[in-house]
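Being a predicted model, the structure only gives us computed values, none of them experimental. Letters A, B, ... are given to chains in the order of the sequence lines, protein chains preceding strands, and every chain is numbered from 1.
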There are 2 protein chains.
Amino acid sequence: MTEIRTNDENGPRPAEARAERFQAVREAHRNELAEDYVELIAELIAQFGEARPVDLAARMGVTAPTVAKTLDRLAREGLVARAPYRSVFLTPDGARLAESCLRRHEIVVRFLIRLGLDPETAEKDAEGIEHHVSDRTLELFRSFAECS
Amino acid sequence: MTEIRTNDENGPRPAEARAERFQAVREAHRNELAEDYVELIAELIAQFGEARPVDLAARMGVTAPTVAKTLDRLAREGLVARAPYRSVFLTPDGARLAESCLRRHEIVVRFLIRLGLDPETAEKDAEGIEHHVSDRTLELFRSFAECS
DNA sequence: ACATTAAGTTAGACACAGCTAACTTGTAAT
DNA sequence: ATTACAAGTTAGCTGTGTCTAACTTAATGT
């Protein structure tokens with residue numbers, strides 16, 4: 001064998017573009033859990049006046065220690081405030097994030113339903129999709145969902 | 001204080017439904033990386049006749065050891081076949097998975113473009129979205145993208 | 001006031017996905 | 001045939017997210 005080498009005779013441009021896309025997804029990934037938590041916390045506070053770890057665990061489908069560890073991280077990142085054996089609350093930053101996540105979630109769900117999906121599946125798919133939708137796409141979703 | 005307890009007087013139904021949704025997302029999550037790899041490997045093979053770790057690393061935006069570890073896992077799971085210091089190939093299972101991922105990816109991209117998104121952003125968003133789209137939703141995307 | 005029980009915490013394990021540093025292998029060019 | 005360099009591997013570190021088991025705290029009911 002003599003040639004075949006490099007596999008990049010087309011230049012590394014497309015390879016790099018791709019790498020950037022994957023890196024962006026990994027980045028989104030890191031924020032997903034935080035977003036899901038603050039979103040849930042905001043809803044629980046709206047509904048019950050407080051968000052207790054036990055309720056978070058039930059709704060996230062994980063055990064109490066997992067919730068505790070995650071809340072520690074969120075506290076470290078300044079998104080939630082907590083005291084031992086107490087309910088969890090959102091910091092201003094956390095509340096802001098929750099607000100935008102809820103909005104985003106709502107738009108995605110409404111969009112999917114408008115597309116023709118049943119509400120249950122829409123809710124399910126939205127949970128996975130919402131974290132990966134750019135602002136431009138979200139805007140398109142919103143217009144489509146609201147078009148008469 | 002006397003009452004306020006439980007926070008679940010509405011019954012645990014909605015909480016459980018939610019937990020299931022999150023669990024589904026975590027499940028999808030676990031498969032994401034595997035899907036991205038087999039998809040990329042299939043493309044490289046189609047383009048160059050082989051998929052080399054160095055090309056995977058460049059396109060995934062990670063280092064060579066990370067690729068090696070991931071490929072080990074994929075081999076363990078029966079999706080790829082490899083020999084030391086050689087290129088990677090797909091098993092029949094891996095090829096099937098790659099096929100369906102490529103199809104899915106294409107549909108999502110075309111759908112987003114039809115919605116009015118620029119191709120570059122479509123490509124970027126699709127990378128994150130494609131793993132979280134149910135079959136029903138994918139079908140709706142397909143119809144929408146292909147509607148005259 | 002105290003005992004019971006539910007909620008929360010701590011400790012420790014595992015798997016995964018990323019990294020750097022150092023080593024080995026294989027290929028290509030001289 | 002040798003050497004030099006690119007590709008691949010191995011070892012070992014980090015941080016995250018999950019778990020179980022065992023412990024502590026707080027609230028409820030009698």
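- Between B/Leu56 atom CG and C/dA17 atom P there is a gap of 15 Å when expressed in whole angstrom units.
- Atom CZ in B/Arg73 sits about 13 Å away from atom C1' in C/dG18, given to the nearest Å.
- Here A/Arg21 does not pair with B/Glu120 in a salt bridge; the nearest charged N to carboxylate O distance is not below 4.0 Å.
- Comparing D/dT18, C/dT10, D/dA7 against the side chain of A/Ala68 picks out C/dT10 as the nearest.
- Of the candidates D/dT24, D/dT16, C/dC19, D/dT24 carries the atom nearest the A/Tyr85 side chain, counting heavy atoms from C-beta on.
- For the pair A/Thr63 and D/dC19, the criterion of a side-chain N or O lying under 4.0 Å from OP1 or OP2 is met.
- The distance between atom CG of B/Leu33 and atom C1' of C/dG18, rounded to the nearest whole Å, is 10 Å.
- Nearest-nucleotide mapping onto DNA chain C: of A/Gln23 and A/Ser87, the residue sitting toward the 5' end is A/Ser87.
- A straight line from CG of B/Leu74 to C1' of C/dC16 spans 12 Å, rounded to a whole angstrom.
- In terms of position along DNA chain D, the nucleotide closest to B/Lys69 lies nearer the 5' end than the nucleotide closest to the other residue of the pair A/Ala34 and B/Lys69.
- Taking side-chain N and O atoms only, B/Thr66 has a distance below 4.0 Å to OP1 or OP2 of C/dC19.
- Between B/Thr70 and C/dA17, a side-chain N or O to OP1/OP2 separation shorter than 4.0 Å is absent.
- Counting only heavy atoms from C-beta outward, the side chains of B/Arg110 and B/Arg114 never approach each other to under 4.5 Å.
- Of the candidates D/dT20, C/dG8, C/dG18, the closest approach to any side-chain atom of A/Pro65 belongs to D/dT20.
- The distance from atom CG of A/Asp72 to atom P of C/dT9 is 8 Å, rounded to the nearest whole Å.
- Aromatic rings of B/Phe144 and A/Phe144 (six-membered ring for Trp) have centroids within the 6.0 Å cut-off, being under it.
- Rounded to whole Å, the distance from CZ on A/Arg30 to C1' on D/dG15 is 10 Å.
- Residue B/Leu71 contributes atom CG, which lies 14 Å from atom P of C/dC16 at whole-angstrom precision.
- Put simply, CD on A/Glu32 is 19 Å from P on C/dC16, counting in whole angstrom units.
- A donor and an acceptor atom, one from each side chain of B/Glu32 and B/His132, are located under 3.5 Å apart.
- Mapped onto DNA chain C by nearest heavy atom, B/Gly61 and B/Arg76 fall at different nucleotides, with B/Arg76 at the one closer to the 5' end.
- Between B/Arg26 and D/dT16 there is no side-chain N or O to OP1 or OP2 distance below 4.0 Å.
- Here the side chain of A/Val54 is nearest to one of C/dA7, C/dG18, D/dA7, namely C/dA7.
- Side chains of A/Glu123 and A/His105: a donor-acceptor N/O pair is present below 3.5 angstrom, by distance only.
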